[in-house]
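Just so it is clear, the values below take in all heavy atoms, side chains as well, and ignore hydrogens, waters and symmetry mates. Remember, it's 1-based here, ligands and their atoms both numbered in the order they're listed.
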Amino acid sequence: MEPIRYALSFTAPHTHYVEVRAEIPTSGQREVELVMAVWTPGSYLIREYQRHVENVAAIGANGAALRVIKTAKNRWAIETGGAATVVVTYRVYGREMSVRTNWIESGFALINGAPTFLTLVGSHERPHEVALTLPSGWARVTTALAPLEGVAHGFRAESYDMLVDSPILLGNPAVYDFELEGKTHRLVNEGEAGIFDGARAARDFESIAREQHRFWGAVPYHSYVVLNLITETGGGLEHCDSAVLMTSRWATRTRKAYIGWLELASHELFHVWNGKRLRPAALGPFDYEREAHTRSLWVVEGITDYYGDLLLHRAGLSTRVEFLASLSNKIEALQTTPGRSVHSIATASFDAWIKFYRSDENTPNTSISYYIKGSVVAFLLDIRIRLVSSGQRSLDDVMRAAYAKYSGDRGYSEQEFRALVEDVAGANLDSFWSSALEGTGELDYADALDALGLRFKIAEPDNGRTPRRATLGALTKIDGGRLVVSQVRRGTTAHEAGLNVDDELIAIDDFRVRPDQLDARMEQYVAGDRVSILVARRDRLTRLDVSLGAEPSKPWQLEVDPSATAQQRAGLDFWLAPSGNPARAG
Ligand SMILES: [Zn+2]
């Protein structure tokens, strides 16, 4: 099939525009229709990218201007006048710093497929070629796309899906290559600024890749590219042969921030297998014009998040304490989010488009993240499988078996994934599914902790002499010099007393509270004290009587139980040992 050929240029990158020229084969039709995606796979929100498109025009045979008629918010029909090829030109504004959108500035550009390329309706299987003209001073283009022979900065995607799945970074980044299993891996750092330690990050990423190769036992890509944009923001997005990460230039400077970057890199690499190739049936082939609902995002994101951290530890890059802290933080986030008793993770997965990606001040009361609860459920499922199979099987085996069976064209249904887990475990898991996936009750950690000789750290002994610290139970922010309520969680004092989001806190017991004084003022009280709060609600002063609550103790941090038996310690060691450890062979 004749390709669509795009030429991208940046005549004034400091104005944040990319100019696109597309040669569209018409197959002799009198009219062709072009379409732009409204969302990016992996990021479940309708984003209406076409709002950044300008000046769509078309030229036919002999340079004749053709009529362009907008037929939908994201579609353009072109009367071809019988031309074999029409040339379509347009400009795209790109100044949204996120992993799924475009960013164009004087020194570099990130070009994503969905918000950039108009394609022919119904032509997803057609090859798409891209040639880039770089602004002067820009030396390098990096993408997972295959180079187009004989064309400088030219690339070829065998399909529209591949084009959308292959973001392009242009500029002068620092580049680190390593070979592993005969595959080239490339870490591309835009914005190191002499601060981000790229060499160390590349070395450690190599350890992560080695551990993940051992885990899966097969490497499906020819090469893998990490586009690491060091742009003082966050996020990551997976692709078949690449990933986009966003981070801070200070991320290699402190241990905690660096573990966070490594966990993100590990998470996105795990998606090469789980999410991109092994996937729910709803996640491909994509309809780029409407939502793709699935109840299985907890598998795609939760299991990936669990293994992102676990394989980082198995690779020797985080300590046991650091890994347990990461897992504990997820358990704590789950156990302190009231929405866990409202929304199951199966439903949270399905509702990603209207809940997770459209969060507001009430989200913690009404929903639960399928990343957070999904990774906690993955942990419990992993240990459950180990228990019911007497240590012979684990979630590792499930993921490898699922990859072998469902990484082809079709993907898995919810029932197929559950059946496969039960098959590997050799046990019926109906009660686990109904409580952990369908249910909104509390998860039971007892068996998993017992199997591994772990326990939750015991909170400070409550001997009745140390009064609990008082809290309003509302989150606040400083807005224009005012102290304003930003979130009121269900079950807190603030919720019961009628404190509202956007209330300005002015005084407690008739003494002014300045924006930076709330914590210090709370130290004057203990849980149970009654106070009078003066707030301004839309500038009208209102008094609220509040009985202060107790600052939550943090009982959700895991530690090794000092009285763990040898068998429990062996279970813990086996769980955390590197994937290539001979102990795993049996
Ligand atoms: Zn992910």
Side-chain angles (χ1 to χ4, degrees), residues 39-45 47 98-101 112 114 144 164-167 205 208-209 211-212 215-216 220-221 224-229 233-247 259-280 282-284 286 291-312 326-327 329-330 333-334 345-346 348-353 355-359 367-379 381-382 395 399 402-403 406-407 411-412 417:
W39 67 285
T40 298
S43 184
Y44 306 105
L45 180 68
R47 293 179 192 275
S98 87
V99 292
R100 82 284 287 184
T101 48
N112 268 292
V164 169
D165 194 45
S166 308
F205 183 66
I208 293 169
E211 174 61 28
Q212 295 209 8
F215 177 91
W216 290 102
Y221 50 74
Y224 185 77
V225 181
V226 180
L227 302 178
N228 185 38
L229 280 85
T233 180
L237 189 61
E238 68 277 13
H239 300 286
C240 274
D241 302 329
S242 61
V244 179
L245 314 183
M246 289 190 170
T247 188
I259 292 289
W261 184 84
L262 292 171
E263 286 175 347
L264 176 64
S266 179
H267 174 112
E268 301 306 343
L269 181 62
F270 198 83
H271 272 316
V272 162
W273 293 266
N274 185 38
K276 293 310 297 184
R277 289 173 174 87
L278 165 63
R279 59 177 169 73
L283 295 187
F286 298 109
E291 295 89 339
H293 292 291
T294 169
R295 286 159 50 89
S296 299
L297 282 184
W298 74 272
V299 177
V300 176
E301 295 301 347
I303 291 182
T304 296
D305 220 40
Y306 171 62
Y307 277 113
D309 297 357
L310 182 56
L311 297 183
L312 189 67
S326 288
L327 180 58
N329 290 342
K330 286 169 182 152
L334 170 64
I345 39 170
S349 296
F350 193 88
D351 285 344
W353 300 81
K355 300 269 189 181
F356 186 82
Y357 279 91
R358 296 186 69 183
S359 62
S367 190
I368 189 68
S369 157
Y370 49 84
Y371 284 79
I372 287 171
K373 188 171 180 182
S375 57
V376 174
V377 166
F379 161 63
L381 180 59
D382 190 6
L395 190 59
M399 297 314 290
Y403 184 78
Y406 294 118
S407 63
Y412 54 82
F417 188 82

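- Between Tyr371 and Phe356, the two ring planes are parallel [angle under 30°; tilted spans 30° to 60°].
- Of all N, O or S atoms in His267, the one lying closest to the Zn ion (ligand 1) is NE2.
- Judged purely by atom type and a 3.5 angstrom limit, Arg295 has no side-chain atom pairing as donor or acceptor with the backbone of Ser349.
- Here His271 contributes NE2 and Glu301 contributes OE1, and at the Zn ion (ligand 1) these two atoms make an angle of 100°, given to 10°.
- Remark: Trp261 pairs with Asn228 by the side chain to side chain donor-acceptor pair (under 3.5 Å) rule, at least two apart or across chains.
- Distance check for Glu238 against the Zn ion (ligand 1): none of its N/O/S atoms falls below 2.8 Å.
- Between His293 and Phe350, the two ring planes are parallel [angle under 30°; tilted spans 30° to 60°].
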